[in-house]
Amino acid sequence: MQPGPEGRSAVFEKMVKGVEIELPKDVSVLVVGGGGRCHAIVDALSRSSRVGKIYCAPGNAGIAPQAECVPIKDTAVEELRDFALAHAVNLTVVGPEVSLAAGITDVFRAAGLRIFGPSKAAATIESSKDFAKRLMEKYNVPTAAYRTFEEYSGALEYVRDGSFPVVLKYDGLAAGKGVVIPETFEEAEATLKDMLLDDRFGKGKVVVEEFLTGPEFSFMCFVDGEKVWPMALSQDHKRAYEGDKGPNTGGMGAYSPLPFITDEDREYALEKIMKPVAAGMMAEGCPFKGVLYGGLMKTPSGIKVIEFNCRFGDPETEVVLPLLETDIYEIFSAVADGTSMPEIRWKERASMGFVMASKGYPGSYEKGFEIEGIEEALKDPDVRIYHMGTAANDGRIYTAGGRVLMVIGSGDTLLQARDKALEAVGKIKCDNLFWRRDIGWRVL
């Protein structure tokens, strides 16, 4: 029989003869996914006063010391459901968008399982750029002007008559690689051919957007219907090379907090963007439960939306969750069960992370290079290392993906956080890794 909802507080506020009564660490959690984002989630759950057992499917070499890795793909939703039932998992937390787009939360809830993450219908806010743009248009959420096209000829004609640079977005999921910003008509023509004729990401539509200018930032919020709880703000670095040069990637580093975002900016983004979108999803019949990620830009004419995601950002999660003081299991439970949320508290510290990636990423790259020095780097209590694409063999760690490790430093200031992270990066040895040394360069 599936266990019922857990208690709302990590430590009951009951006092018996002046002694606080702690609950046993008897809760089991399944984390779905296997990259750096899921490692950060597992790490946060390992600090919970309630969580005793963590499973991660499929996990990775870095996650293995903190969770039992289960060899099930993140899109095998029925197999994951059966595992959760067989192991009496109390709560499942979903990391990647592909699992959510595959309907994992619908399948789990139909089986009476508790799960943190939006429904397949609500995940459309990420799986369809066109849906997100229409939603924003309908509910007066500030965003770039756009047109959506299914046919190559119509899109090409529209782009030819417009200005450059222009933003071209594949409508569906593309692992962070479906956005291209051509500087010339020839580049736009090649990109449209790639997306609409050659179906690089599959058969789908393309959203053509006006190009906006200004610093981008990430605003993640815990959402339960119309209730929205903001997280610490962060900024990702998408381009592969220093100075924001080169192709877009899944993210080469991030930091928090953001000196260029004022309290008024944050309040505007919360009240005029995140909350109206949550309310709009309710009105559209697909209420959102989980993490709503707003990719925003502070333009000369105000804050506008670049994109929405239906889950924790990657690599933003890796720098934000280490700043969380509140027991994350209690937060996940409150959203999953629709019950009262505990006070969410954040450390008044800074966090900065550098992604170490395989040479050649985001293009083709080789795997299987040994990584040394991780344990030495982790001796500093202000350093965390999250594995993004690694494998273990005979007690040794090897590269197994494009983005391999994310090294995070924390400190009282961003400068201290950067120095801690770079010192740790310098202790890691591998013949086939590169990284950007200029994370946070616009504010430091």
Worksheet item: Taking atom CZ of Phe260 and atom NZ of Lys298, what is their separation to the nearest 0.5 Å?
Response: 8.0 Å
Fill in: More than 12 heavy atoms from other groups under 6.0 Å of CZ on Arg47
yes
Worksheet item: Do Gln235 and Pro215 come close enough that some side-chain heavy atom pair is under 4.5 Å?
Response: yes
Worksheet item: Do Ser358 and Asn432 get their side chains close enough for a donor-acceptor pair, meaning under 3.5 Å?
Response: no
Discussion item. Within this structure, what is the OH-CD1 distance for the pair Tyr329 and Ile54, rounded to the nearest 0.5 Å?
Written reply: 11.5 Å
Discussion item. Could you check whether any side-chain N or O of Thr143 sits under 3.5 Å from a backbone N or O of Val305, counting only pairs where one atom can act as donor and the other as acceptor?
Written reply: yes
Worksheet item: Which pair of non-hydrogen atoms, one from Glu150 and one from Leu196, has the smallest distance, and what is that distance?
Response: O-CD2, 3.6 Å
Fill in: Intermediate values then yes/no, side chain to side chain donor-acceptor pair (under 3.5 Å), Gln66 and Asp43
CA-CA 7 Å; Gln66 291 177 300; Asp43 187 43; 2.9 Å; yes
Practice prompt. Return each pair, listed once, that meets ring pair (Phe, Tyr, Trp, His ring centres under 6.0 Å) where at least one residue sits in residues 368-404; pairs must be two or more places apart or across chains.
Written response: His39-Tyr386, His39-His387
Fill in: Results of salt bridge (charged side-chain N to carboxylate O under 4.0 Å, His left out) for Asp380 - residues two or more places apart only
Lys420
Discussion item. Looking at Glu151, I'd like to know if its CD atom is crowded, meaning that more than 12 non-hydrogen atoms belonging to other residues, nucleotides or ligands lie closer than 6.0 Å.
Written reply: no
Practice prompt. Given side chain to side chain contact (heavy atoms under 4.5 Å, CB included), test Met406 with Trp435 step by step and report yes or no.
Written response: CA-CA 10 Å; Met406 187 165 178; Trp435 59 93; over 6 Å; no
Response to the item:
In short, Val166 meets Pro182 closest at the heavy-atom pair O-CD, 3.0 Å
Item to complete: Starting at CD1 of Ile261, measure out to CD1 of Ile303 and round the result to the nearest 0.5 Å.
Response: 5.0 Å
Item to complete: Answer yes or no: is there an ion pair linking Glu284 with Lys138, defined by an N-O contact shorter than 4.0 Å?
Response: yes
Worksheet item: When rounded to the nearest 0.5 angstrom, what is the spacing between CD in Glu376 and NZ in Lys427?
Response: 5.5 Å
Worksheet entry | Distance, nearest 0.5 Å, that separates NZ of Lys304 from CD of Glu209 | 11.0 Å
Worksheet item: Can a donor-acceptor pair be found between the side chains of Thr317 and Arg311 at a distance below 3.5 Å?
Response: no
Item to complete: Decide whether a cation-pi geometry holds between Arg37 and Phe312; the criteria are a distance under 6.0 Å from NZ or CZ to the six-membered ring centre and an angle within 45° of the ring axis.
Response: no
Worksheet item: Should Arg384 and Ser351 be marked as a side chain to side chain donor-acceptor pair (under 3.5 Å) after you check the CA-CA gap, both sets of side-chain angles, and the distance that decides it?
Response: CA-CA 10 Å; Arg384 282 188 166 88; Ser351 179; over 6 Å; no
Worksheet item: When rounded to the nearest 0.5 angstrom, what is the spacing between CD in Glu307 and OG in Ser218?
Response: 8.0 Å
Discussion item. Quick check: do Ile371 and Thr399 have side-chain heavy atoms less than 4.5 Å from each other?
Written reply: yes
Discussion item. Does the structure place the NZ or CZ of Lys53 under 6.0 Å from the centre of the six-membered ring of Tyr55, at an angle of no more than 45° from the ring's axis?
Written reply: yes
Worksheet item: Is any NZ, NE, NH1 or NH2 atom of the basic residue among Asp106 and Lys120 found under 4.0 Å from an Asp or Glu carboxylate oxygen of the other?
Response: no
Item to complete: Answer yes or no: is there an ion pair linking Asp244 with Arg436, defined by an N-O contact shorter than 4.0 Å?
Response: yes
Item to complete: Answer whether the closest heavy-atom distance between the side chains of Val335 and Met341 falls below 4.5 Å.
Response: yes
Worksheet entry | Short side-chain donor-acceptor distance under 3.5 Å, Asp265 and Thr262 | yes
Discussion item. Pair Arg160, Leu156 - check side chain to side chain contact (heavy atoms under 4.5 Å, CB included), show working.
Written reply: CA-CA 6 Å; Arg160 181 186 284 114; Leu156 191 66; 4.1 Å; yes
Item to complete: State, yes or no, whether a side-chain contact exists between Met388 and Val355 at a heavy-atom distance under 4.5 Å.
Response: yes
Discussion item. Using side-chain heavy atoms (C-beta onward) and a distance below 4.5 Å, is Leu324 in contact with Trp346?
Written reply: yes
Worksheet item: Is any side-chain heavy atom of Arg437 less than 4.5 Å from a side-chain heavy atom of Glu242?
Response: yes
